[in-house]
**Q** 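Below you will find the structure I want to go over with you.
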Amino acid sequence: MNMNNVKVVVTDFEYDTFLPEKEVFDNLGIELTFEQCKTERDVIDKCKDADALLNQYAPITKEVIDQLDQCKVISRYGIGVNTVDIEAANEKGIVVGNVTDYCLDEVSDHAMALLLSCVRKTVLLNNRVKEGIWNFNEAAPIFRIRGTTLGLIGFGNIPQTLAKKAQAFGLNVIAYDPFVSPAIAEELNVNLASLEDVCEASDYISIHLPLNKKTEKMISYPEFNKMKQTSFIINTARGGVIDETALIEALQEGKIAGAGLDVLEKEPIEKSNPLLSMDNVILNPHAAFYSQEAEAELKRKAAQNITDVLSGYFPTYMVNSELKDKLDLKEK
């Protein structure tokens, strides 16, 4: 493919540097085009003639994909691909890439940090001290962590990494994931259980699921009704996996003790959201993935997905591998 006329568009971004991508694309003499698309119409107008897209949050829906006449590959800045309609990409023969391994430590560290902050109530105590109140009883009751149970909903790479860290704190770890082999769980000293059993047995629950049609609002009223009143829920995955209305009611009615949320159904959070006024809820702005090192790795690998495809190869990180038989690409 002649790279001189190739158009690679960054659909939208929150980054202040693109050096990692440029290092990858410079090898092929490709210059990036930068846009800040918010809507489907924006993407269609700005990217209709693109050969490849680098995507952060802009919606790459069926309506968008149907009008991408030149596009050969869409690469996401991230692990989740809920911004991209995979079925529509398959119909159009467009490769979808992501980066599955760039922030394993960051997200597992962040989940552990939220868990510890919820249980030890460090944020609450910090706020009280800054309000002029010096009294540890403001955080009562606090219970010992060692010997309690962490339940993981989803047991892919990140929660497997988290399990080892949690075990170092003396936590017993159980997990729900129908797609993970019992041998992997056994090797990590983690017991696999049903979703119902995880909800009932866990003192803390950490969510690690992609957002799709099957997982949307998967944690809802029945799940909260089964949880312990002393339990905390942690979410560093996608906000939509939790039914936020059900969560708010569970917190208001004391069905669970609190929550540590890095992700929400609607981001940024709306000012009217009741979670903002709850002392037993820690809120972060979708930051678990972030470190300087992880961001540079993500950007480099997302760019590499595109140069792989444009150079005639399957990318290292291919989401829709079911397309492999239909594409004229080679293994690297």
Side-chain angles (χ1 to χ4, degrees), residues 1-13 15 17-35 37 40 42-103 157 210 212 289 294-332:
M1 181 175 184
N2 182 355
M3 301 296 176
N4 293 335
N5 301 316
V6 165
K7 183 175 181 180
V8 178
V9 180
V10 179
T11 62
D12 61 308
F13 59 93
Y15 305 120
T17 177
F18 287 88
L19 286 176
E21 295 95 323
K22 285 178 177 173
E23 285 175 8
V24 173
F25 288 117
D26 281 352
N27 292 330
L28 295 179
I30 295 171
E31 284 193 25
L32 288 173
T33 300
F34 299 97
E35 303 292 352
C37 303
E40 291 171 297
D42 289 344
V43 184
I44 291 166
D45 289 345
K46 304 290 187 183
C47 307
K48 188 174 172 59
D49 60 345
D51 296 286
L53 301 182
L54 266 168
N55 169 248
Q56 190 168 18
Y57 302 125
I60 314 295
T61 61
K62 177 173 170 51
E63 184 183 356
V64 171
I65 288 170
D66 284 347
Q67 299 199 50
L68 296 177
D69 298 329
Q70 303 277 102
C71 192
K72 295 166 187 63
V73 54
I74 299 163
S75 186
R76 261 224 80 232
Y77 285 121
I79 297 171
V81 286
N82 48 295
T83 59
V84 183
D85 188 322
I86 305 298
E87 286 178 24
N90 286 346
E91 286 171 23
K92 198 93 170 182
I94 297 173
V95 173
V96 178
N98 61 348
V99 185
T100 57
D101 58 0
Y102 79 99
C103 59
N157 292 330
N212 55 44
F289 69 92
E295 185 175 287
E297 183 182 355
L298 167 66
K299 291 159 79 63
R300 187 177 66 254
K301 288 180 173 179
Q304 189 66 53
N305 283 338
I306 288 176
T307 58
D308 284 347
V309 173
L310 297 182
S311 301
Y313 298 99
F314 291 111
T316 303
Y317 306 94
M318 184 168 175
V319 175
N320 51 347
S321 53
E322 59 270 27
L323 268 190
K324 280 197 167 185
D325 293 340
K326 301 173 184 174
L327 297 174
D328 186 24
L329 298 172
K330 296 173 286 191
E331 296 290 349
K332 283 196 283 187

**Q** Kindly indicate whether the side chain of Asn27, heavy atoms from C-beta on, has any atom under 4.5 Å from the side chain of Thr307.
**A** no
**Q** Say whether, by atom type as modelled, one donor and one acceptor occur between the side chain of Asp85 and the main chain of Ala88 under 3.5 angstrom.
**A** yes
**Q** Calculate, to the nearest 0.5 Å, the distance between atoms OG1 and CD1 belonging to Thr61 and Ile44 respectively.
**A** 6.5 Å
**Q** So, for Ile306 and Ala52, which heavy atoms are closest and what is the spacing to 0.1 Å?
**A** CG2-CB, 3.6 Å
**Q** Listed by chain and number, what are the salt bridge (Lys or Arg N to Asp or Glu O under 4.0 Å) partners of Glu23, not counting sequence neighbours?
**A** none
**Q** Just wondering, do Val95 and Ile74 contact through their side chains at under 4.5 Å, heavy atoms?
**A** no
**Q** Look at Lys22 together with Glu31 and state whether they make a salt bridge at an N to O cut-off of under 4.0 Å.
**A** no
**Q** State whether Asp49 and Lys7 are salt-bridged, where the test is any N-O pair (Lys NZ or Arg NE/NH1/NH2 against Asp/Glu carboxylate O) under 4.0 Å.
**A** yes
**Q** Take Phe13 and Tyr57 through the ring-ring contact (aromatic ring centres under 6.0 Å, His included) test and state the conclusion after the steps.
**A** CA-CA 8 Å; Phe13 59 93; Tyr57 302 125; over 10 Å; no
**Q** Under the ring pair (Phe, Tyr, Trp, His ring centres under 6.0 Å) test, which residues partner Tyr102, sequence neighbours left out?
**A** none
**Q** Do you know the tightest heavy-atom contact between Cys37 and Val43?
**A** CB-CG2, 3.7 Å
**Q** Looking at every heavy atom in both Lys92 and Asp66, which two are closest together, and how far apart are they?
**A** NZ-O, 2.8 Å
**Q** Please determine whether salt bridge (charged side-chain N to carboxylate O under 4.0 Å, His left out) holds for the pair Lys72 and Asp51, giving the CA-CA distance in whole Å, both sets of side-chain angles, and the decisive distance to 0.1 Å.
**A** CA-CA 6 Å; Lys72 295 166 187 63; Asp51 296 286; 3.5 Å; yes
**Q** Are any side-chain N or O atoms of Asn305 and backbone N or O atoms of Asn98, one a donor and one an acceptor, separated by less than 3.5 Å?
**A** yes
**Q** Determine whether Thr33 and Val10 make a side-chain contact, defined as any pair of heavy atoms from C-beta on separated by less than 4.5 Å.
**A** no
**Q** For the residue pair Leu54 and Ala302, what are the closest heavy atoms and their distance?
**A** CD2-CB, 3.7 Å
**Q** Applying side-chain contact (heavy atoms from CB on, under 4.5 Å) to Tyr15 and Leu298, what does each step give before you reach the verdict?
**A** CA-CA 12 Å; Tyr15 305 120; Leu298 167 66; 3.6 Å; yes
**Q** Do Glu35 and Thr11 meet the criterion of a side-chain donor-acceptor pair at a distance under 3.5 Å?
**A** no
**Q** Got a list of side-chain donor-acceptor pairs under 3.5 Å for residues 312-320, not counting sequence neighbours?
**A**
unit_1: Thr316; atom_1: OG1; unit_2: Lys332; atom_2: NZ; d: 2.7
unit_1: Tyr317; atom_1: OH; unit_2: Asp101; atom_2: OD1; d: 3.1
unit_1: Tyr317; atom_1: OH; unit_2: Asp101; atom_2: OD2; d: 3.0
unit_1: Tyr317; atom_1: OH; unit_2: Lys301; atom_2: NZ; d: 3.2
unit_1: Asn320; atom_1: OD1; unit_2: Val96; atom_2: N; d: 2.9
unit_1: Asn320; atom_1: ND2; unit_2: Asn90; atom_2: OD1; d: 2.9
unit_1: Asn320; atom_1: ND2; unit_2: Ile94; atom_2: O; d: 2.9

**Q** With a 4.5 Å heavy-atom cut-off, do Lys324 and Glu331 have their side chains touching?
**A** yes
**Q** Are the side chains of Ile79 and Val99 in touch, meaning some heavy atoms are under 4.5 Å apart?
**A** no
**Q** I need the Ser75 OG to Asn55 CG distance, nearest 0.5 Å.
**A** 9.0 Å
**Q** At their closest point, which heavy atom of Val9 faces which heavy atom of Ala50, and how far apart are they?
**A** CG2-CB, 3.7 Å
**Q** Regarding Glu295 and Tyr77, is there a side-chain donor-to-acceptor distance under 3.5 Å anywhere?
**A** no
**Q** I'd like to know if the side chain of Arg76 reaches the main chain of Gln56, judged simply by a donor and an acceptor atom lying under 3.5 Å from each other, with no hydrogens or angles considered.
**A** yes
**Q** Just how far is it from atom CD1 of Ile86 to atom NZ of Lys62, taken to the nearest 0.5 Å?
**A** 13.5 Å
**Q** With the side chain counted from C-beta on, respond yes when Leu53 and Cys71 share a heavy-atom pair under 4.5 Å apart, and no when they do not.
**A** yes
**Q** Do Leu68 and Cys47 have side chains that approach each other closer than 4.5 Å (heavy atoms only, starting at C-beta)?
**A** yes
